[in-house]
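Just below is one structure, and these are the notes that go with it.
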Amino acid sequence: MNAKDQIDILSAGVAEILPAEGLKKKILEAEKRKRPLIVKLGVDPTAPDLHLGHAVPLRKLRQFQDLGHKAVLIIGDFTARVGDPSGRSVTRPALTTDQVKANAKTYTDQAFKILDDDPGKLEIKYNSAWLASLDFAKLLELTSRFTVAGLLVRDDFMKRYKSEQMIGLHEFLYPVMQAYDSVEIEADIELGGTDQKFNLLAGRQLQEKYELEPQVALTLPLLEGTDGAKKMSKSYDNHIGLTFEAADMFGKVMSIPDEAAGQGRFSMITKYYQLALGSLPDEVASLGAKLESGELHPRDAKSQLAWQIVATYLGEKSAEDAKADFEARFKVKGKDAALQIADKMKLSKDPRKPDGTAFLPHVLKEAGLVSSSSEGRRVIEQGGLRVDGELEGNLEARLGNEFLIEIGKRKKKIITLPS
RNA sequence: GGGGGAGUGCCCGAGUGGCCAAUGGGAGCGGGCUGUAAACCCGUCGGCUUAGCCUACGUAGGUUCAAAUCCUGCCUCCCCCA
């Protein structure tokens, strides 16, 4: 592919390219020398649960691979012992090596679903390989290339410093270690979220001191979560986990708003295509046009998006099932649709009294549809319970041997009582 | 080593002796509306066959007719000085 097209694809959806002309230069150079670019992505194996936000840089990395470049995934097993101070107002707790190991495995399992694992295009390295054996002399040599003032200009540190919160000395070393990773693998490009900008630039600096061609930093925007406002994060409860069950993942994608706050009518939909799915710029553009013209219904656009996302992580079969399930649950109404998707379950005890009636809150609790009988009572009082398709407003009711229970729109079960 | 502060329901966070199962926000849940599990509106949100009762405000005791609120010990976390 020619250089211009490559640049178009690679710079799509990117927050910043530093320096601005850097990507172009690197690509032209690679073309001239007929060698692939080395594209680095550093991974901090601290959180075991990955979500779609984490997938953004991985998608970009995959685009590089697809254009023939070489991805180097650095598992920061060593740096994880320090914890990235980026965006943190407090020192992160250090992890044990076992935790780091387990997290790294979870990470790579997920990452392989996005990346091309052709060994010519992907290399995985643990940075303990070179960092663990650094001796103090080498460390001094490394650190002498950075200045305290240089580190302090960084926002995270400055804020903490000014507000008199503690900054561990070891935290100063984080950018240094990460920068050294870039030296070690001679990275041409490094990817990261916008919050990683400082660390990526530190890599540039250090490479220069080691007389290497400095890497180009490519930062990617942070993906908004399902609320369409804040960045996706587990602590905001707006994340879509890569290990979610198919139906849940599908539904969560369907629940993203069309529009990200103040960014155009279908901006969230197109953004997810671009960032979470890594669709190419022309595809995203034509999708946006179709949505604007009304040719494509936003619901269908999201449904396709959800399908593809589920298919990536859990397979096409799961995606198909999740889609069918979603439609049966929310598009088609009525008892027949409910019967199709309801799970069957058998209660071990018969809750009925001699007169054939049963206290429904207990039945709901036994069936695992509510977590307490008080909650069951509430649901019934609020008009959320249907038995065999009929609204049931009484706490006690006569029950047959098999019946369909529906609570709200989502929970549906066919209950069988022991005879 | 010395001094100070804090621990409240799933999370954040009010509450400083009775009016507290505990304000408010978020998440969750139910209803309405809708192209959607979006947005918005309404309701609900410890447990219990619930006009009542039980358990709860770090933990163990104590004072009091009455404690999340006062006292003491213990545990945990944080900050400042050295």
Side-chain angles (χ1 to χ4, degrees), chain A residues 89-93 160-168 224-230 232-241 244-272 290-291 294-307 309-310 322-333 341 351-353 355 357-366 368-387 391-397 405-412:
Chain A
S89 54
V90 290
T91 306
R92 291 190 190 220
R160 276 161 70 179
Y161 186 67
K162 278 192 177 149
S163 66
E164 303 183 331
Q165 291 200 319
M166 77 169 238
I167 301 172
E224 284 92 345
T226 51
D227 56 3
K230 287 182 281 202
M232 185 175 287
S233 160
K234 207 179 170 188
S235 50
Y236 293 142
D237 247 319
N238 64 359
H239 69 297
I240 301 175
F244 280 6
E245 286 191 20
D248 198 25
M249 193 187 282
F250 193 97
K252 280 279 193 320
V253 176
M254 288 305 283
S255 81
I256 62 169
D258 299 352
E259 177 183 350
Q263 295 179 30
R265 213 147 50 100
F266 303 112
S267 52
M268 268 301 264
I269 300 180
T270 49
K271 201 172 210 173
Y272 264 64
K290 278 187 196 160
L291 284 168
E295 191 187 333
L296 178 63
H297 197 293
R299 180 202 52 219
D300 296 332
K302 278 205 274 189
S303 173
Q304 285 167 26
L305 173 69
W307 189 93
I309 288 176
V310 174
K323 186 179 174 196
D325 185 83
F326 184 85
E327 285 175 1
R329 219 167 271 260
F330 303 108
K331 260 176 119 174
V332 187
K333 307 214 171 193
I341 55 164
R352 288 172 294 192
K353 286 175 278 198
D355 66 358
T357 67
F359 186 64
L360 296 174
H362 283 170
V363 178
L364 301 183
K365 190 183 167 193
E366 282 301 313
L369 290 160
V370 295
S371 58
S372 69
S373 62
S374 291
E375 188 186 332
R377 175 186 289 267
R378 251 176 257 133
V379 165
I380 294 168
E381 285 168 354
Q382 293 183 124
L385 174 69
R386 280 173 187 275
V387 178
L391 197 65
E392 178 59 68
N394 297 313
L395 295 179
E396 303 211 12
I405 293 257
E406 295 170 82
I407 292 183
K409 292 173 199 155
R410 310 195 208 181
K411 294 180 221 158
K412 300 169 201 291

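The sequence lines fix the lettering, A, B, ..., with proteins before strands; numbering per chain opens at 1.
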### Any residue meeting side-chain contact (heavy atoms from CB on, under 4.5 Å) with A:Ser255, in chain and number order, not counting sequence neighbours
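Listed in chain order: A:Thr226.
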### Query
With A:Glu245, which residues qualify under salt bridge (Lys or Arg N to Asp or Glu O under 4.0 Å), at least two apart?
none
### Message
Suppose we screen for salt bridge (Lys or Arg N to Asp or Glu O under 4.0 Å). Which residues come up paired with A:Lys411, at least two apart in sequence or across chains?
### Response
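Salt bridge (Lys or Arg N to Asp or Glu O under 4.0 Å) check on A:Lys411 returns nothing, list empty.
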Check side-chain hydrogen bond (donor to acceptor under 3.5 Å, both in side chains) between [X] and all other residues, then give those that pass, not counting sequence neighbours.
X	value
A:Lys412	A:Glu406
A:Ser374	none
A:Gln382	none
A:Glu375	A:Ser371

### Summary
RNA chain B nearest-nucleotide lookup for A:Lys411 and A:Ala247: closer to the 5′ end is A:Lys411
Base, sugar-phosphate or nothing for [X]? Non-hydrogen atoms, less than 4.0 Å.
X	value
A:Gly408	sugar-phosphate
A:Leu385	nothing
A:Lys302	base

### Task
Between B:C10 and B:U23, how far apart are the P atoms? Round to whole Å, please.
14 Å
#### Entry: P spacing across the pair B:A22 / B:G1, given as an integer number of angstrom
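Between the two P atoms, the distance is 45 Å.
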### Task
State whether the distance check finds a donor on one side and an acceptor on the other, under 3.5 Å, for side chain A:Asn238 versus base B:G26.
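Flag unset: no donor-acceptor pair detected.
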### Message
Test your reading of the model: is there a side-chain donor-acceptor pair from A:His239 to the backbone of A:Gly241, 3.5 Å cut-off?
### Response
no
### Task
Look at the side chain of A:Lys323 and the backbone N and O of A:Ser303, then say whether any donor-acceptor pair between them is shorter than 3.5 Å.
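It does not hold such a pair.
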Starting from [atom2] on [N], measure out to [atom1] on [X] and report it in whole angstrom.
X	N	atom1	atom2	result
A:Asp325	B:A37	CG	P	13 Å
A:Lys412	B:A37	NZ	P	11 Å
A:Leu391	B:G31	CG	C1'	10 Å

### Task
Any chance you could list the contact pattern along nucleotides 40-50 of chain B? Use B for base contacts, S for sugar-phosphate-only contacts and - for none, protein heavy atoms under 4.0 Å, 5' to 3'.
---BSS-SBBB
### Query
Choosing from B:A38, B:G35, B:A37, which nucleotide comes nearest the side chain of A:Asp248?
B:A37
#### Entry: Nearest listed nucleotide, side chain of A:His297, among B:G35, B:C29, B:U34
B:G35
Taking only N/O atoms, report every protein-nucleotides 22-25 of chain B pair under 3.5 Å with atom names and distance.
none

Any strand counts, and the cut-off is 3.5 Å on both contacts for Watson-Crick or G-U wobble. Which nucleotide pairs with [N]?
N	result
B:C53	B:G47
B:C33	none
B:A38	none

